[in-house]
Amino acid sequence: MSALLPLLFGLFGLLLLLLRSRKRRDGEPPLINGWIPFIGKALHFGKDAHKFLEEYKKKYGDVFTVHIAGKYMTFIMDPHLYPSIIRQGRQLDFHEFTGKVAPLTFGYKPVQSDLWEKIRRSFQLLQGDNLQPLTGSMMSNLILVFRQDHLDHGLWRSSSMYDFCSSVMFEATFLTIYGRPAAALRHSDMEALREDFNKFDNMFPLLIAQVPIWLLGQTSAIRKKLIHYFLPERLSRFSNTSEFIKTRVGLFEQESSMKDVDKGAHHFAMLWASVGNTLPATFWAMYFLVSHPEALQTVRREILDVLRDDGVEFSTDSDVKLSKEQLDKLIYLESSINESLRLSSASTNIRVVQEDFSLRLDASRAISVRKGDIIALYPQSMHLDPEIYEDPQTFQFDRFVQDGAEKTDFYKDGQKLRYYLMPFGSGSSMCPGRYFAVNEIKQFLSLLLLYFELELEEGQPRPALDPSRAGLGILLPSTDIRFRYRLRANEA
Ligand code: HEM
Ligand SMILES: *[C@@H]1O[C@H](CO)[C@@H](O)[C@H](O)[C@H]1NC(C)=O
Ligand SMILES: *[C@@H]1O[C@H](CO)[C@@H](O)[C@H](O)[C@H]1NC(C)=O
């Protein structure tokens with residue numbers, strides 16, 4: 001697959017060699033054209049987006065335009081300027097982008113704006129009071145999955161960490177959101193589904209780059225299979241389906257012109273949204289805790305203390321259920337998760353310029369932008385800025401805790417930052433599943449830390465971030481990690 005990408009860009013590049021790049025106009029930011037038209041800096045960018053942007057920041061300052069894969073992207077690098085972009089609603093639009101790219105990627109027909117509005121409203125069912133039943137259901141499902149596969153005896157078992165996390169979280173998340181398939185659910189069915197999902201997921205960056213799916217080998221057939229898994233007549237036989245999915249099913253039912261395959265494709269897209277970032281995020285949080293035993297001990301103690309305050313003595317013989325309120329109290333755990341997200345997230349926040357206009361950045365500065373251009377924030381540069389986060393590559397589990405409460409003051413150039421952690425995007429395009437996501441990662445880690453002793457196997461360096469989906473979300477580790485675990489003996 002990695003050989004395919006340069007080849008494709010090469011072909012398109014040759015094809016468009018005759019197209020002239022544009023010239024910078026008055027009031028526009030510095031313009032960086034690739035030396036091959038169209039390919040622009042795409043290859044360079046894909047290799048290591050963070051390094052690439054840092055280099056240009058040094059040369060051209062905080063705001064510059066780069067010609068990437070046929071698009072002109074203006075990067076706003078100074079996080080003090082983020083609010084001016086995030087607040088801008090009318091002339092910078094987010095959904096023009098997802099409205100085109102998501103249908104091609106997941107294989108549904110572009111959505112009319114009135115249906116889109118209804119879909120957006122259904123995201124409420126992942127938040128607020130609706131989180132309560134989802135949290136309860138996720139807890140039961142996690143315990144079920146742990147019991148069926150991992151809680152059987154007290155001997156040490158050796159496993160690969162990414163595979164372990166993804167297997168448990170995929171199954172438990174699926175059961176919580178979609179419910180239980182009609183046929184008696186077997187672990188092996190879920191693993192087969194996950195395998196297909198992974199094959200699709202590996203091609204995800206290329207699909208998002210709008211490489212035609214027929215160029216990607218088996219991907220089209222696999223996507224078809226995944227979509228069929230969620231066809232209405234199958235989904236209607238699932239039990240314990242969440243209100244969120246039931247509502248979406250109802251919405252699509254009312255659309256008389258919508259085909260069943262399009263409905264299936266929407267449900268499949270939601271599967272991607274609900275696990276695509278969650279699985280790697282869970283891996284990094286688990287990896288950093290297991291590789292920092294002092295942090296793990298503090299977090300484990302915090303969980304035991306919260307349980308004890310509510311009169312629960314934990315024992316490995318019985319199921320422990322942490323409520324939403326209890327999870328909210330776990331601030332060292334939350335800080336550890338946030339710290340893992342800081343170290344692994346590489347999403348781009350994208351807005352499409354709706355008309356030529358002058359975009360005000362702060363009191364003293366405005367830039368001219370052109371219709372169709374993209375304004376991009378790349379928070380990874382902020383997350384790894386040594387001026388904001390001392391020793392930015394180090395995992396400090398309590399980085400987001402101060403005096404026993406959440407720490408919210410982070411500075412750059414002596415000025416407090418409005419935004420300092422953005423793994424879930426920003427403003428109108430912010431991830432609607434963020435509360436559920438953090439909750440379920442907390443639940444997974446709580447059970448893991450309570451029930452198991454955990455150790456890394458010797459001689460493994462910290463895995464690097466695999467850059468192949470830079471710009472799209474949480475990065476995967478470039479290698480998996482071996483670890484050991486065993487059920488804890490009860491403490492006296
Ligand atoms: C750690 C886990 C997760 C991360 C880091 C994450 C991150 C993101 C990001 C960066 C975006 C795009 C925002 C933008 O482009 O500005 C997004 C969108 C979205 N996420 Fe998440 N997400 C996670 C988990 C989830 C979960 C568990 C769900 C659902 C149960 C979910 C549902 C969605 C949906 C539906 C969208 C599209 C929203 C829209 O189009 O307006 N996400 N997520
Ligand atoms: C379905 O949900 C109910 C309550 O929401 C729960 O009591 C029951 O155990 C669940 N059944 C299955 C098979 O998960
Ligand atoms: C963790 O980050 C989220 C935003 O991503 C924030 O809402 C939450 O308050 C943070 N918690 C801590 C302890 O920093």
Side-chain angles (χ1 to χ4, degrees), residues 85-86 92-99 101-103 106 111 116-117 119-127 130-131 134 138 165 169-170 172-174 176-178 208 242 244-245 248 266-267 269-285 302 328-342 344-352 374-380 383 397-402 404-410 419-442 444 469 471-475:
I85 307 300
I86 293 168
L92 298 181
D93 182 74
F94 167 66
H95 287 290
E96 184 181 321
F97 183 74
T98 41
V101 178
F106 296 106
V111 175
W116 181 244
E117 261 321 299
I119 291 179
R120 278 181 68 78
R121 250 178 276 136
S122 76
F123 293 159
Q124 286 304 319
L125 295 169
L126 294 168
Q127 305 177 1
N130 299 299
L131 215 48
L134 279 176
M138 183 70 192
C165 290
M169 285 298 264
F170 186 92
T173 306
F174 184 96
T176 302
I177 298 199
Y178 293 93
I208 287 283
S242 67
F244 174 56
I245 293 297
R248 287 167 61 86
H266 273 277
H267 294 305
M270 192 47 67
L271 175 70
W272 192 89
S274 62
V275 295
N277 284 307
T278 310
L279 305 185
T282 307
F283 165 82
W284 287 111
E302 176 182 50
D328 289 343
K329 289 184 198 155
L330 300 170
I331 67 159
Y332 282 101
L333 178 57
E334 192 168 304
S335 171
S336 307
I337 293 170
N338 280 4
E339 177 71 341
S340 315
L341 292 170
R342 180 182 72 79
S344 60
S345 132
S347 60
T348 325
N349 292 220
I350 278 174
R351 299 290 186 274
V352 181
I374 291 172
I375 307 290
L377 310 179
Y378 196 72
Q380 191 184 25
H383 294 157
F397 80 103
D398 57 355
R399 211 189 271 274
F400 295 95
V401 180
Q402 195 168 40
E406 182 185 337
K407 176 176 158 71
T408 54
D409 51 332
F410 291 87
Y419 299 98
Y420 51 88
L421 185 65
M422 292 169 50
F424 295 107
S426 56
S428 60
S429 67
M430 207 161 175
C431 172
R434 61 195 181 279
Y435 306 104
F436 176 72
V438 170
N439 237 322
E440 63 171 342
I441 298 173
K442 276 184 171 176
F444 170 86
R469 60 180 68 199
L472 301 176
I474 306 294
L475 302 183

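Counting convention: from 1, in listed order, for ligands and their atoms alike.
At a 4.0 Å heavy-atom cut-off, ligand 1 touches Phe436 through the side chain alone. For Ala281, every heavy-atom contact with ligand 1 shorter than 4.0 Å involves the side chain, none the backbone. No part of Val275 comes within 4.0 Å of ligand 1, judged by heavy-atom distances. Of the heavy atoms in Ile177, only side-chain atoms (C-beta onward) come closer than 4.0 Å to ligand 1.
Shortest contact from atom 25 (C) of ligand 1 to any protein heavy atom: Ala273 O, 3.4 Å. Counting only heavy atoms of the protein, atom 4 (C) of ligand 1 lies nearest to Phe424 CE2, 3.3 Å. Of the protein's heavy atoms, Phe94 CE1, 3.5 Å lies nearest to atom 15 (O) of ligand 1. Residue, atom and distance of the protein heavy atom nearest to atom 2 (O) of ligand 3 are Asn338 ND2, 2.4 Å. At the shortest separation from atom 16 (O) of ligand 1 among protein heavy atoms lies Ser429 OG, 2.5 Å.
Within the 4.0 Å heavy-atom cutoff, Val438 does not count among the residues contacting ligand 1. Using a 4.0 angstrom heavy-atom cutoff, Pro432 counts as in contact with ligand 1. Distances from ligand 1 to the non-hydrogen atoms of Phe244 include no value under 4.0 Å. Put simply, part of Arg120 is less than 4.0 Å from ligand 1, judged by heavy atoms.
The closest heavy-atom contact to atom 22 (N) of ligand 1, among the options Ser274, Cys431, Gly433, Ala102, comes from Cys431.
Remark: of the listed residues Leu131, Asn439, Thr173, Thr173 is the sole one forming a side chain to side chain contact (heavy atoms under 4.5 Å, CB included) with Met138.
Between the OG atom of Ser347 and the OH atom of Tyr378 there is a distance of 8.0 Å, given to the nearest 0.5 Å.
You'll find the ring centres of Phe123 and Phe436 outside the 6.0 Å limit.
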